[in-house]
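Every value quoted in this text rests on a predicted model; they were computed, and no experiment measured them. Residue numbers start from 1 in every chain, and the chains themselves are labelled A, B, ... in the order their sequence lines are given, proteins ahead of strands.
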Protein chains: 2
Amino acid sequence: MTKLRSDETVTMQSVAVAAGVSPMTVSNTFRYPERVQEETRQRVLKIAAELGYIPNHAAGNLASGQSRVIGAVIPSIKNSSFYNYVRGMQDHVATEGYQLILKLADTLSQEASAIRTFVGLRVAGIALVGDEHESDVKTLLRKTGVPVVESWVHENPFDMAVGYSTSDATRVITELLIERGYRRIGFVGYQGDVSSRFTERVPTFKQSMEKAGLDSYRIFLVDQADGFGAGPKALEGLCAIDPDLDAIVCPTDIVAAGVLFECGRRGWKVPERLAIAGWGDYEIASEITPGLTTVQPHSYEMGQRAMSLIIERAAGSGATGMMVDTGFHIVKRASA
Amino acid sequence: MTKLRSDETVTMQSVAVAAGVSPMTVSNTFRYPERVQEETRQRVLKIAAELGYIPNHAAGNLASGQSRVIGAVIPSIKNSSFYNYVRGMQDHVATEGYQLILKLADTLSQEASAIRTFVGLRVAGIALVGDEHESDVKTLLRKTGVPVVESWVHENPFDMAVGYSTSDATRVITELLIERGYRRIGFVGYQGDVSSRFTERVPTFKQSMEKAGLDSYRIFLVDQADGFGAGPKALEGLCAIDPDLDAIVCPTDIVAAGVLFECGRRGWKVPERLAIAGWGDYEIASEITPGLTTVQPHSYEMGQRAMSLIIERAAGSGATGMMVDTGFHIVKRASA
DNA sequence: AGCCGCAGCTCTTCAGCCGTG
DNA sequence: TCACGGCTGAAGAGCTGCGGC
């Protein structure tokens, strides 16, 4: 004997004794119900419930090398952008008898630490956002062979990916503004080390403008951490480039809302003085006045598909390199 | 032999062989570095890194009966209300060498399922929000003896609690409105099965009004799921009770922002025609115009203290029944 | 002081038992 | 004779507590 664990610890063994069966029958009752006679099963289940028995996942994981837990790393919960993504993941795993656990990571090194925790836990799979990760953890993930899905990623998956083309969406929303007659269009991006799902929009914006014979120099970068506060800064920065700016493309609806609030302070009419396009179709986009014209990624579906890719792999089918395009659409409201 | 695991699985054993030491020395290197000679430790660490070794938490948990993982159940990430709470938790556990994992649960039964997952994982402790939980899981938690902290709870903890008095905050914000000369004050609450941290505000509001000799019948309940949309509904409902309503107390800044947007649509000046008080000091409270006067709970500290209570208990000190009051303060802005 | 061997944590895989048709 | 349904026992899975050298 080694441990000074309380004697009252409820184990499979104690359930077995109380139910008058072997531990194996208890195990089978939970894992392969069809292998156990109805009557026996009911008895075991009843006893287990009475004793408050919950199978020790650590022991099961160790013995079987399998897990029904999937880990997801989420960049932030500061705003609602990942709400539907997480709901999609959660709803899908529930239907398959899996469990989802989350870790938050604002930076690459936090992401790396979260991944190490998940690997230590020997989860069935890992869902990441974006395609930039520390090279050490990439090596680690390769070595362990755990299924990994990158979300919001549209090409060159590390393992598997689910997402949509931010380039396509940038082109479509820019062309929409051009079509509606705006000419002096400004673009707001994020500065510093941000995900490529933001940085790859800039060249596409330029191309779309140039293709229409328009100038593409109205570009201003803000700090991703600024939230709503980025709006006023962006507007000021773009007005310094061109005081006659007539439209603005924002990296998120939060920034767009910040711009809209600032227009309110300045007494600028939207969209008459300035048209505003957002990104993400957050709840606020439909609630403020005027409503925000914005890109709606299909985040809920993205979450669902991310989980189904992992579960398929864990179940034996599925393969590395799989990619799913969940698309996007433009929600047209009054702001642009 | 049992498993058909890949032979390349990196275990403590394989690290030990490669480093020319026993498995126990590898174990000590990770868990009790001071027990191992500097030179040996460096060698083991180097080999471990080369092989991409991550200790199997399941095996360690099983062998030691301990865990460095803490589970937290969060009601929602739809808006930013729990952002600082989670940051506080995460920052604190990191300093203590623990890891935080999250599960989202919108309903009591989802919470129960999340708790069962955490118990199955044999986490070191569990952080919950609010004081309402399924009675089955309460029994289960009692039986397992896992440390549990309830947050946003100010009295009668199930095990331990950290929070502030929503009653006190309701009184203070109501008295602020009265002091500022508002008389026809309306109160917005949530209908249905919501946490007591919302329901207990109603009686306090009534008391505060009556104590000042004012009418307290201007009360309207909205659906918690409505988000910003609850604002217009609440305003309409309260105007039906009293068209000359001059101030409104909202359950969250989101609802308050919804009311503010609706005032914009109606052409009502804030706070001249209607004063608005929010709750939570979300990011939007300082960004919209006018800024929202609101209750600022010290969520970051709440998260930190929740984790320290759990870690103390896991480390042997600490006791059931512990409670921490993290307080609150009122942020005065232009809306009221 | 620094390092090691043994036994054991709880569960699952697999082989096999026993009685029946 | 064998197949099959329902159950069981032995042997680890990878790690750590403890005592020994």
Side-chain angles (χ1 to χ4, degrees), chain A residues 1-17 19-44 48 51-69 119-122 124 144, chain B residues 1-44 48 51-69 119-122 124 144 316:
Chain A
M1 63 125 290
T2 45
K3 301 308 115 52
L4 22 87
R5 243 106 112 167
S6 144
D7 289 344
E8 335 162 36
T9 308
V10 185
T11 67
M12 194 165 265
Q13 174 70 31
S14 49
V15 174
V17 170
V21 295
S22 77
M24 264 324 296
T25 301
V26 179
S27 176
N28 284 330
T29 303
F30 284 97
R31 291 178 54 87
Y32 306 98
E34 73 283 2
R35 290 187 191 169
V36 181
Q37 221 176 358
E38 176 66 15
E39 195 192 345
T40 315
R41 219 182 65 222
Q42 293 302 340
R43 182 153 40 95
V44 170
L51 297 179
Y53 173 66
I54 303 269
N56 185 329
H57 180 270
N61 186 181
L62 181 60
S64 70
Q66 296 186 357
S67 172
R68 304 287 270 180
V69 173
V119 170
L121 252 13
R122 301 297 189 266
T144 64
Chain B
M1 65 120 280
T2 45
K3 300 307 115 54
L4 22 87
R5 242 105 114 168
S6 145
D7 289 344
E8 337 162 36
T9 308
V10 185
T11 67
M12 193 165 267
Q13 173 70 33
S14 51
V15 175
V17 170
V21 295
S22 77
M24 263 323 295
T25 300
V26 179
S27 176
N28 284 329
T29 302
F30 285 98
R31 291 176 54 86
Y32 305 99
E34 72 283 3
R35 292 188 190 168
V36 181
Q37 221 174 359
E38 176 66 16
E39 194 193 347
T40 316
R41 219 182 65 220
Q42 294 302 340
R43 182 154 39 96
V44 171
L51 297 179
Y53 172 67
I54 302 270
N56 185 329
H57 180 269
N61 185 181
L62 184 60
S64 69
Q66 298 186 353
S67 171
R68 304 288 270 180
V69 173
V119 171
L121 252 13
R122 301 297 189 267
T144 63

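Nearest-nucleotide mapping onto DNA chain C: of B:Arg122 and B:Glu38, the residue sitting toward the 5' end is B:Glu38.
The side chain of A:Gln13 places no N or O atom within less than 4.0 Å of a non-bridging phosphate oxygen (OP1 or OP2) of C:dT10.
Atom CG of B:Asn61 sits about 6.5 Å away from atom CG of A:Asn56, to the nearest 0.5 Å. Between the CZ atom of A:Arg43 and the CD atom of A:Glu38 there is a distance of 12.0 Å, given to the nearest 0.5 Å.
In this structure, of D:dG17, D:dC15, D:dT8, it is D:dG17 that holds the atom nearest to the side chain of B:Arg31. Each of D:dT16, D:dG14, C:dG2 was ranked by its minimum atom distance to the side chain of B:Gln37; first place goes to C:dG2. Residue B:Met24 has its side chain nearest to C:dG5 when only D:dG14, C:dG5, C:dC3 are considered. Listed nucleotides: C:dT10, D:dG17, D:dT16. Nearest to the side chain of A:Ala59: C:dT10. Closest approach to the A:Ser22 side chain among D:dT8, C:dC9, C:dC3 is made by D:dT8 (side chain taken as heavy atoms from C-beta onward).
In this structure, the OH atom of B:Tyr32 is 18 Å from the P atom of C:dC4, given to the nearest Å.
When heavy atoms are screened at a 4.0 angstrom cut-off, B:Pro23 is found touching no nucleic acid atom at all. Using a 4.0 Å heavy-atom distance criterion, B:Phe30 is classed as making no nucleic acid contact.
Under the Watson-Crick or G-U wobble criterion, with both distances below 3.5 Å, C:dA1 is left unpaired in every strand shown.
Heavy-atom neighbours of A:Glu39 CD from other residues, nucleotides or ligands within 6.0 Å: at or below the threshold of 12.
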From CA spacing to verdict: side chain to side chain contact (heavy atoms under 4.5 Å, CB included), B:Arg122, B:Val119: CA-CA 5 Å; B:Arg122 301 297 189 267; B:Val119 171; 4.1 Å; yes
